[in-house]
There are 2 protein chains.
Amino acid sequence: MPKIGIEPIRRASLIKATIAEIGDVGSLEVTVSRIAKRAGMSSALAHHYFGSKESLFLSAMRHVLTVYGAEVRGALTTANGPEDRVRAIIRASFTPANFRREVISAWLNFYVLAQTRPQARRLLSVYQRRMHANLRHALRPIAGGRHDEIARSIAAMIDGAYLHAVLGPDTLDGPRAAADIDTYLTLALKDR
Amino acid sequence: MPKIGIEPIRRASLIKATIAEIGDVGSLEVTVSRIAKRAGMSSALAHHYFGSKESLFLSAMRHVLTVYGAEVRGALTTANGPEDRVRAIIRASFTPANFRREVISAWLNFYVLAQTRPQARRLLSVYQRRMHANLRHALRPIAGGRHDEIARSIAAMIDGAYLHAVLGPDTLDGPRAAADIDTYLTLALKDR
DNA sequence: TTTTGTTGATTGACGAGTCAATAAACGATC
DNA sequence: GATCGTTTATTGACTCGTCAATCAACAAAA
């Protein structure tokens with residue numbers, strides 16, 4: 001039965017199943033068994049590849065972060081000028097690949113974990129720093145000294161929009177959230 | 001040992017201990033035993049008063065919400081005019097009583113729970129609706145038709161600021177977060 | 001003696017992680 | 001091109017710990 005060179009495929013299935021399962025259950029109280037079953041294998045195999053539940057989840061988040069990072073980089077390369085760069089970052093945050101219920105649910109649980117687990121916290125810090133650096137860098141030439149405050153505000157609005165997306169009454173509305181943030185940016189830049 | 005009329009005191013201690021314990025552990029993986037020990041009693045007594053762990057946590061969140069609601073109402077009564085009412089709501093969100101690590105941690109976990117537990121979701125909806133109604137009502141006379149968008153943006157910024165507070169690199173800075181949101185409001189109203 | 005408060009001990013369930021065993025492919029050697 | 005040891009893949013069964021919830025029993029008020 002064993003097929004060789006299957007490791008990367010297994011890992012990918014497990015990561016995908018982890019996100020999906022967290023989306024269903026809504027918390028980290030998912031069992032390794034269920035994740036493994038969903039990915040079509042035994043829980044022992046999941047442990048074989050990832051060592052522990054936490055490490056599996058961290059790998060899943062690393063994957064989410066990678067996808068997100070790629071999306072941001074992609075959007076940045078096609079942007080003209082600083083302002084457009086900021087809008088590109090905003091846009092990338094609401095792309096269908098990132099702005100999905102299961103993924104947002106994973107984010108939420110990642111935040112919870114980051115409160116106490118150093119590994120999760122480190123990973124989150126890397127992401128936060130990169131996001132902040134991107135925003136600041138794009139804003140510096142156009143924000144007249146207020147780049148820091150504006151970067152903070154945009155970051156807060158993005159995170160807030162994510163929260164409202166999973167928990168708000170209405171169905172997820174990425175475009176509208178992005179539009180609200182765009183409007184804020186226009187306002188912030190107009191005010192000189 | 002039993003003292004009569006002690007029920008409300010026990011309940012209050014348990015609620016307080018629940019928040020504190022969640023602040024320490026960072027997640028809902030707190031045990032009833034630890035909460036009870038912290039409150040100076042056996043876990044059986046905690047079950048006696050609250051029935052279940054989930055119900056204990058929901059009561060704790062109801063308490064947090066009550067305190068917050070009172071703070072908002074208090075701030076609103078001393079406000080002059082619509083714009084000041086909006087600022088009062090913002091201010092109330094960053095009051096020392098609400099903007100504390102343990103309380104924010106409880107909020108975060110409450111969000112997680114609200115994804116799947118109807119009771120938690122209902123409770124959250126009540127809070128969200130009230131917040132939105134307050135903001136809209138204060139904004140309508142001054143926002144020139146953009147009250148809905150501005151209310152959404154402020155709500156998102158508040159939630160985002162909460163997230164960053166527990167997880168950001170710097171220590172909690174309520175006043176600065178409030179100031180950023182205030183600045184946004186000024187901008188949004190100036191642009192008419 | 002009924003109500004209220006209180007606990008230690010117990011139950012019952014569940015789940016992470018380990019392990020021994022099995023099997024297929026690989027590759028080296030004759 | 002058969003033989004054999006090595007690596008990789010795979011699982012069922014098991015261990016071990018944890019914890020929510022229950023219960024029987026006890027203590028003090030009223």
Side-chain angles (χ1 to χ4, degrees), chain A residues 1-61 106 109-110 112-113 116-117 119-120, chain B residues 1-22 24-61 106 109-110 112-113 116-120:
Chain A
M1 270 173 195
K3 309 128 202 179
I4 62 110
I6 210 184
E7 170 158 358
I9 296 164
R10 292 300 200 192
R11 292 188 101 98
S13 316
L14 279 168
I15 284 174
K16 200 174 162 193
T18 301
I19 308 270
E21 197 66 21
I22 288 176
D24 281 7
V25 179
S27 78
L28 293 182
E29 276 154 44
V30 290
T31 70
V32 176
S33 297
R34 289 194 56 127
I35 293 173
K37 176 174 282 182
R38 188 169 203 138
M41 69 195 82
S42 75
S43 73
L45 197 50
H47 276 103
H48 172 64
Y49 283 125
F50 286 95
S52 75
K53 178 179 167 178
E54 182 166 341
S55 140
L56 169 56
F57 178 59
L58 286 177
S59 294
M61 282 314 297
N109 285 287
F110 180 48
V112 170
L113 205 67
T116 45
R117 318 307 281 213
Q119 283 208 267
Chain B
M1 272 171 191
K3 311 128 200 178
I4 63 111
I6 210 182
E7 171 160 357
I9 296 164
R10 292 298 201 193
R11 293 187 100 99
S13 316
L14 279 168
I15 284 174
K16 199 173 163 192
T18 301
I19 308 271
E21 196 65 22
I22 289 176
D24 281 5
V25 179
S27 78
L28 293 182
E29 275 154 45
V30 290
T31 70
V32 175
S33 297
R34 288 192 56 124
I35 293 172
K37 175 174 282 181
R38 189 169 202 139
M41 69 195 84
S42 76
S43 73
L45 197 51
H47 276 102
H48 172 65
Y49 283 125
F50 285 95
S52 76
K53 178 180 168 177
E54 183 167 341
S55 141
L56 169 57
F57 178 59
L58 286 177
S59 293
M61 283 312 298
N109 285 287
F110 180 47
V112 169
L113 205 66
T116 45
R117 317 306 281 215
Q119 282 208 269

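Just so it is clear: chains get the letters A, B, ... in the order the sequence lines come, proteins before strands, and each one is counted from 1.
- The listed nucleotides are C/dG5, D/dA20, D/dG12; the one nearest the side chain of A/Ser42 is D/dG12.
- For A/Ile35 and C/dG15, the CD1 to C1' distance is 12 Å, given to the nearest whole Å.
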Step by step, would you call A/Thr116 with B/Val25 a side-chain contact (heavy atoms from CB on, under 4.5 Å)? CA-CA 7 Å; A/Thr116 45; B/Val25 179; over 6 Å; no
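- Residue A/His48 has its side chain nearest to D/dT10 when only D/dT10, C/dA16, D/dT22 are considered.
- At distances below 3.5 Å, not a single donor-acceptor pair connects side-chain atoms of A/Ser33 with backbone N or O atoms of A/Ser43.
- Computed from coordinates, the B/Leu28 CG to D/dC19 P distance equals 14 Å when rounded to whole Å.
- Whole-Å rounding puts the B/Lys37 NZ to C/dT7 P distance at 12 Å.
- The CD atom of B/Glu54 sits 14 Å away from the C1' atom of D/dA21 (whole-angstrom rounding).
- Whole-Å rounding puts the A/Glu29 CD to C/dA13 C1' distance at 14 Å.
- Looking at heavy atoms from C-beta onward, A/Ile15 lies in side-chain contact with A/Phe50 at the 4.5 angstrom threshold.
- Looking at the side chain of B/Thr31, the nearest of the listed nucleotides C/dG17, D/dA9, D/dC19 is D/dC19.
- Closest contact between the side chain of B/Lys53 and the listed nucleotides D/dA21, C/dA16, D/dT11 involves D/dA21.
- The A/Glu7 side chain lies nearest to D/dA9 when the options are C/dG8, D/dA9, C/dA16.
- Per the geometry, CE belonging to A/Met41 stands 13 Å off P belonging to D/dG12, to the nearest Å.
- When distances are taken from the side chain of A/Ser52 to each of D/dC19, C/dG17, D/dT22, the shortest belongs to C/dG17.
- For A/Arg10 and D/dT8, the shortest distance from a side-chain N or O to OP1 or OP2 is not below 4.0 Å.
- Summary of the strand contacts: A/Ser33 and A/Ala44 both lie near DNA chain C, and taking for each the nucleotide with the nearest heavy atom, the more 5' one is attributed to A/Ser33.
- Of the residues listed (A/Lys53, A/Lys37, A/Arg34), the one engaging A/Glu21 in a salt bridge (charged side-chain N to carboxylate O under 4.0 Å, His left out) is A/Arg34, and it is the only one.
- Counting non-hydrogen atoms under 4.0 angstrom, A/Tyr49 reaches the backbone sugars and phosphates but no base.
- By the 4.5 Å heavy-atom criterion applied to side chains, A/Arg38 and A/Asp24 are counted as neighbours.
- For A/His47, whose side chain is taken as the heavy atoms from C-beta onward, the closest listed nucleotide among D/dT11, C/dA16, C/dT6 is C/dA16.
- Taking only side-chain atoms of B/Ile6, from C-beta outward, the nucleotide of C/dG17, C/dT7, C/dG5 with the closest atom is C/dG5.
- Rounded to whole angstrom, the span from the CD atom of A/Glu21 across to the P atom of C/dG15 amounts to 11 Å.
- Spacing between atom CG of A/Leu45 and atom P of C/dC19 amounts to 17 Å, rounded to whole angstrom units.
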